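Please read the structure below before turning to the comments.
The shown structure was predicted, so the numbers you read here are calculated from the model rather than taken from an experiment. Along the sequence shown, the residues carry numbers beginning at 1. Counting starts at 1 for both ligands and their atoms, in listed order.
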Amino acid sequence: MNNATRKLGRFSIREVVFGSFRLDGGCMFGSVPKNLWSRSIPADEENCIPLVCRSLLIEDSSRKILLDVGCGDKWNDKSRAIYRIQNTPVESLGFRPDEITDVILTHLHFDHAGGISYRGANGALMLTYPNATIHLQTANWEHARNPTPKDKASYLPENIDPLVGARLQLCNGTAEIIPGIIAHRVDGHTRGQQWIEIFQDGKSIFFPTDLIPTSHHVPLAYHMGYDVCAETLLNEKLSFLQSAIKPGVEVCFQHDRDVAWATITRGEKGNFVAHPRTL
Ligand SMILES: [Zn+2]
């Protein structure tokens with residue numbers, strides 16, 4: 001994890017990595033043949049690729065905001081082994097959970113929202129960030145409680161039920177949910193996902209979340225088998241990338257173990273190319 005802080009207007013922004021896990025490489029690259037994707041990210045002995053749960057901590061004088069909260073620690077041994085989940089305790093991430101004023105959940109898949117709750121001493125589900133307003137799209141809140149068979153395995157009741165008693169701020173479509181922070185609704189990966197744009201003084205950070213989970217997914221045709229609608233996703237991704245190539249935009253990849261930040265350009269053939277950046 002890079003502990004460096006980026007300044008963007010009134011915001012201080014730093015990476016927070018909640019841990020690592022793995023998913024099947026074929027599922028992560030959909031219809032892209034393994035002999036293509038495995039050149040850029042090799043698979044392990046069970047055909048899985050390593051991933052991380054990267055968040056951003058965004059601070060100004062009055063707020064501490066998290067973008068997603070990782071897989072959390074409510075896992076049984078079997079699931080923990082399948083996904084090789086390594087959870088980093090919140091206490092070691094450099095902030096106190098009760099300081100967090102806002103959590104923006106891009107969607108409620110387990111690798112994004114699992115850390116929103118934990119099991120207390122008596123096994124009861126407790127909110128990890130007791131003082132936080134939780135921002136989510138209405139469409140995702142409704143879909144997560146009644147998912148399709150396609151993404152049912154990613155919406156776990158133990159990550160969703162505790163939100164009934166939380167301070168939920170539901171959003172309907174694309175909107176500036178906090179001054180300087182826009183949530184863009186997209187539906188190709190799952191219904192009511194939101195990718196996040198932080199903008200100040202003519203510069204922006206784009207957090208595409210599962211619209212483009214790693215730098216290896218920047219080529220337009222590289223998308224996940226998990227996506228509920230490939231055609232919708234490709235249209236949304238093209239629109240995202242056309243905005244991302246503008247001057248002053250940096251992209252932060254949520255699940256890329258090795259490349260957190262990049263700028264995007266367009267190649268001679270019209271293809272999109274990620275250029276890794278460090279501070
Ligand atoms: Zn997802």
Rounded to 10 degrees, what angle sits at the Zn ion (ligand 1) between His189 NE2 and His107 NE2? 110°
Checking Gln193, Arg191, His143 against His107 for side chain to side chain contact (heavy atoms under 4.5 Å, CB included), the one that qualifies is Gln193
As an exercise, state the distance from NZ of Lys237 to CZ of Phe272, rounded to the nearest 0.5 Å. 9.5 Å
With a distance cut-off below 6.0 Å to the six-membered ring centre and an angular limit of 45° from the axis, does Arg145 pair with Trp141 as a cation-pi contact? yes
N, O or S atom of Asp210 closer to the Zn ion (ligand 1) than 2.8 Å: yes
His109 atom (N/O/S) at minimal separation from the Zn ion (ligand 1): ND1
For residues His216 and Pro219, report the shortest heavy-atom separation together with the two atoms involved. O-CD, 3.5 Å
Taking 2.8 Å as the cut-off, does an N/O/S atom of His112 lie below it from the Zn ion (ligand 1)? no
